[in-house]
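Structure record follows, encoded as structure tokens.
Proteins get letters first, then strands, A, B, ... in listed order; numbering begins at 1 in each. Values in this document were obtained by computation on a predicted structure and should not be read as measured data. These values consider heavy atoms only, across backbone and side chains, with no hydrogens, waters or symmetry-generated copies.
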Amino acid sequence: MADIKARIAARAAKEFKDGFVANLGIGLPTLVANYLPEDVHIVIHSENGFTGLGSVANKGEEDYRVINAGGGWVTYMPFANFFGSEESFSIIRGGHLDATVLGAMQVDEEGNLANWIVPGKMVAGMGGAMDLVVGAKKVIIAMQHTQKGAPKILKTCTLPLTAQKCVDMIITEMCVMEFKPEGLTLTELHPDFTVEEVKAVTEADFIVADDLKAMEED
Amino acid sequence: MADIKARIAARAAKEFKDGFVANLGIGLPTLVANYLPEDVHIVIHSENGFTGLGSVANKGEEDYRVINAGGGWVTYMPFANFFGSEESFSIIRGGHLDATVLGAMQVDEEGNLANWIVPGKMVAGMGGAMDLVVGAKKVIIAMQHTQKGAPKILKTCTLPLTAQKCVDMIITEMCVMEFKPEGLTLTELHPDFTVEEVKAVTEADFIVADDLKAMEED
Amino acid sequence: MKNKIVTAAEAVAGIKDGDTIMVSGFLGTGSPEILLDALVEKGVKHLTLIANDGGLRAEFTGTTDKGVAKLITAGMVDHIIASHIGMNPDIGNGALAGTMKYTLYPQGTLAEKIRAAGAGLGGVLTPTGVGTIVAEGKETLTIEGKEYLLELPLHADFALCRADYCDTFGNFAMLKATKNFNHVMAMAADTVLLASEQVFEIGEKDPDFYQVAGVYIDYIVKGEQPWQI
Amino acid sequence: MKNKIVTAAEAVAGIKDGDTIMVSGFLGTGSPEILLDALVEKGVKHLTLIANDGGLRAEFTGTTDKGVAKLITAGMVDHIIASHIGMNPDIGNGALAGTMKYTLYPQGTLAEKIRAAGAGLGGVLTPTGVGTIVAEGKETLTIEGKEYLLELPLHADFALCRADYCDTFGNFAMLKATKNFNHVMAMAADTVLLASEQVFEIGEKDPDFYQVAGVYIDYIVKGEQPWQI
């Protein structure tokens with residue numbers, strides 16, 4: 001399981017170029033920062049109001065003015081800048097983020113995304129998720145391929161949407177899929193799996209890329 | 001003439017309460033600040049980006065970062081705050097100005113205002129005038145009653161409007177008129193003039209207030 | 001000029017049952033705690049609360065409630081307008097029990113709605129929420145082939161804001177991640193209360209020391225404290 | 001991380017004939033003079049210029065042209081989008097001669113249109129200009145009985161901005177009345193050039209020393225000078 005998360009995060013990290021400005025969702029997406037090559041330095045945006053998010057603050061070294069969007073005490077980089085929510089979401093919505101990495105409950109063939117609400121369950125609220133997936137230049141969904149075996153990549157999302165046609169790429173422990181003009185396309189396959197195995201746990205129809213590559217662990 | 005301007009400015013000054021935030025147009029309206037009672041301190045907003053405008057800077061003491069909206073070197077008060085144009089006009093449009101004093105080419109019975117353009121003449125641009133008269137809580141027009149004898153308070157403005165139904169009060173060397181629910185009303189008359197004399201140079205119909213007062217010079 | 005410095009009790013004295021208030025803070029960080037404490041002490045009811053979230057409950061902080069959780073714990077809020085309520089279970093539970101209502105907006109939309117009210121705009125067009133339940137009941141406009149939701153201004157009777165520094169005129173500054181909704185909320189309410197850690201005399205600091213203009217501020221309360229972690 | 005520090009000539013190298021550029025400044029104050037000088041030196045044509053005004057001509061300043069007047073004097077601008085052009089007679093004269101076009105917006109509308117582009121909004125509703133010639137050809141919406149104009153975003157290929165201080169990442173600060181359009185323009189162009197009086201190393205100053213995030217900035221040019229009055 002830890003292994004699977006590491007695999008997904010490591011692959012997502014390859015999408016980042018030096019200087020990218022990115023927002024990483026809570027949980028697995030946050031791990032992406034740990035897998036960046038040494039020559040790739042990114043600027044992490046924290047939607048509660050800064051660019052230049054660092055890491056979790058050490059116990060006893062917390063700054064009471066510096067939290068991340070999950071409410072945890074964090075550090076900031078020397079190039080950090082802090083701003084209000086109106087500015088934070090101008091950065092997000094205005095296309096100033098090169099990428100965002102988020103988890104998902106469901107993604108469908110159209111690139112629709114559902115990751116914020118389950119009818120009948122207690123509502124948490126969308127927070128910044130809807131703005132992020134509409135605004136970021138590249139929306140990368142990093143998630144386990146299935147929910148305990150049940151497909152999460154569907155023909156049509158059944159849960160309420162976070163946004164329409166917003167997803168650019170899906171990275172799971174099995175494969176990488178990209179939304180291309182011709183449709184959802186399997187572009188990389190992890191050596192542990194076959195295309196048939198991916199199809200068996202993917203409800204959405206997808207194209208297999210002519211130049212299908214191996215999803216490399218590192 | 002200097003006398004007339006002083007009379008108008010002095011009367012306009014009486015509309016200000018201690019602590020008012022106000023924008024004063026270039027020319028005659030700027031003089032208003034000179035006639036405030038000693039116990040009335042106001043905050044002057046300069047639409048190029050600050051609150052706490054002072055006075056014209058002395059020769060040799062100019063700060064190259066501090067101009068007013070007319071491009072002149074000015075001073076600022078110790079409570080000044082400087083901001084961007086988006087904020088400056090949020091203050092204006094958002095109802096955060098208690099009053100603005102501006103000149104006019106024409107005002108009409110509906111409270112429509114024309115003070116920015118004369119067809120056929122070189123266009124200067126509206127600058128901040130349209131926002132000011134729409135946003136300020138009280139719009140005071142301070143002007144000479146006529147343009148060389150030709151009425152400026154009309155039934156209907158003939159020049160392109162700056163804004164519709166925006167004027168609250170007109171102060172001239174002859175009188176004070178206010179836009180009340182029942183219509184344009186003469187509320188104060190300068191002792192040098194009669195109601196008939198005002199009517200003779202005012203194209204707009206107006207009501208004479210039951211409690212018509214004398215327009216006091218001081 | 002008018003003295004704006006008052007006690008916390010005096011600052012909140014005008015807030016009455018049924019008012020709409022906006023309170024800054026992101027999970028408590030950047031919230032004006034001394035104003036919230038004074039409001040709980042005063043004890044108004046049936047508030048509509050505009051805030052990013054529901055604050056943090058004492059169980060989560062390990063000390064006391066932080067931010068608007070204080071108002072919710074005290075049962076003072078009938079309706080919360082926010083972007084995230086998952087960290088304060090009292091809201092979801094209150095909704096289930098029928099004692100509390102919530103309205104959710106995407107966080108960026110919430111910030112723009114508040115700013116629109118403060119800036120005198122009639123609304124803004126945002127691409128966020130198009131094709132989702134957030135769009136329900138809202139006007140959509142298509143501009144150059146792209147669809148947007150029309151989001152209307154969100155205004156309050158009172159705004160409760162927090163600063164690290166201010167002067168006695170109300171010019172204020174916030175440090176690091178405490179900024180969140182403090183600026184936009186200071187623009188968008190009839191009466192604006194500011195709690196500050198430090199209050200300087202007018203002219204004591206350079207004007208560029210402050211980030212937001214004091215013209216928005218009606219009352220200033222000294223003595224806001226750092227969060228004791 | 002990518003080095004953003006370049007010469008003025010390198011910064012403007014990408015600007016080409018027919019581009020739309022936005023340049024900050026209010027009658028020259030807060031304009032990035034070293035970028036304007038470099039652009040005049042380079043000599044592109046047929047620009048669409050978004051700016052508050054036409055800058056100041058040398059006859060007015062008693063020294064040299066200030067702000068965007070440099071571009072207009074050099075005949076580089078086909079179309080200016082501004083709020084006030086009366087202080088630079090070349091614009092009115094150019095319009096009469098048919099060599100130059102202008103489009104006017106109320107100053108607050110101009111600021112919001114630029115901000116909307118930078119903030120990813122599809123437009124804003126403003127009460128300013130309703131019932132005037134500014135409303136011609138624009139959609140009007142009535143919200144709760146009040147009429148508003150729909151104003152669309154205003155975006156540029158390049159923005160030329162000025163700071164007093166910045167760091168090598170591009171976080172920047174402006175002092176006093178030089179701020180005007182610098183912040184919103186830095187948000188609203190594909191490529192953003194910043195000229196700064198001083199450039200500090202990353203981390204040399206506290207983050208709250210800077211007012212605007214460096215993520216907007218593509219190129220930084222050192223050596224912007226104070227205005228010699």
In this structure, are over 12 heavy atoms from other groups packed under 6.0 Å from C:Glu144 atom CD?
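12 or below, so no.
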Closest heavy-atom contact between C:Ala189 and C:Ala159?
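Closest pair (atom of C:Ala189, atom of C:Ala159, distance): CB-N, 3.4 Å.
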Closest non-hydrogen atom pair, A:Lys155 against A:Glu203:
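Looking at all heavy atoms of both residues, the closest pair is N-OE2, 2.9 Å.
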Can you check whether anything in residues 126-133 of chain C gets within less than 4.5 Å of chain A, heavy-atom wise, and list it by number?
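Within residues 126-133 of chain C, the residues that come under 4.5 Å of chain A (heavy atoms only) are C:Thr126, C:Pro127, C:Thr128, C:Gly129, C:Val130, C:Gly131, C:Thr132, C:Ile133.
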Measure the acute angle between the ring planes of C:Tyr216 and C:His183, then classify it against the limits of 30° and 60° as parallel, tilted or perpendicular.
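If you compare the ring of C:Tyr216 with that of C:His183, the planes turn out tilted.
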For the residue pair C:Phe200 and C:Phe209, categorise the inter-ring angle as parallel (less than 30°), tilted (30 to 60°) or perpendicular (more than 60°).
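Perpendicular, since the angle between the ring planes exceeds 60°.
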Of the backbone (N, CA, C, O) and the side chain (C-beta and beyond), which part of A:Ile67 lies under 4.5 Å from a heavy atom of chain C, both, or neither?
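For A:Ile67, heavy atoms of backbone and side chain both lie under 4.5 Å from chain C.
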Side chain, backbone, both or neither: which part of A:Met122 has a heavy atom under 4.5 Å from chain C?
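A:Met122 touches chain C through side-chain heavy atoms alone.
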Winner by heavy-atom pair count (cut-off under 4.5 Å) against chain A, out of C:Gly92, C:Pro106, C:Ala135
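Sorted descending by pairs with chain A, the first entry is C:Pro106.
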Between C:Ala111, C:Ser83, C:Gly86, who has the most heavy-atom pairs with chain A when the cutoff is under 4.5 Å?
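Ranked by contacts with chain A, first place is C:Ser83.
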Under 4.5 Å, heavy atom to heavy atom, which residues of residues 48-60 of chain A contact chain C?
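Hits under 4.5 Å: A:Asn48, A:Phe50.
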Which residues in residues 97-120 of chain A have a heavy atom less than 4.5 Å from any heavy atom of chain C?
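Near chain C, by residue number: A:Trp116, A:Ile117.
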So which pairs with a foot in residues 98-127 of chain C pass salt bridge (charged side-chain N to carboxylate O under 4.0 Å, His left out), sequence neighbours left out?
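Qualifying pairs: A:Arg93-C:Glu112, C:Glu112-D:Arg115, C:Lys113-C:Glu151, C:Arg115-D:Glu112.
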Between A:Lys5 and A:Glu173 (salt bridge meaning N to carboxylate O under 4.0 Å), is one present in this structure?
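A salt bridge is absent here (no side-chain N lies under 4.0 Å from a carboxylate O).
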Proximity breakdown for C:Ser24 and chain A, heavy-atom pairs closer than 4.5 Å
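No part of C:Ser24 comes within 4.5 Å of chain A.
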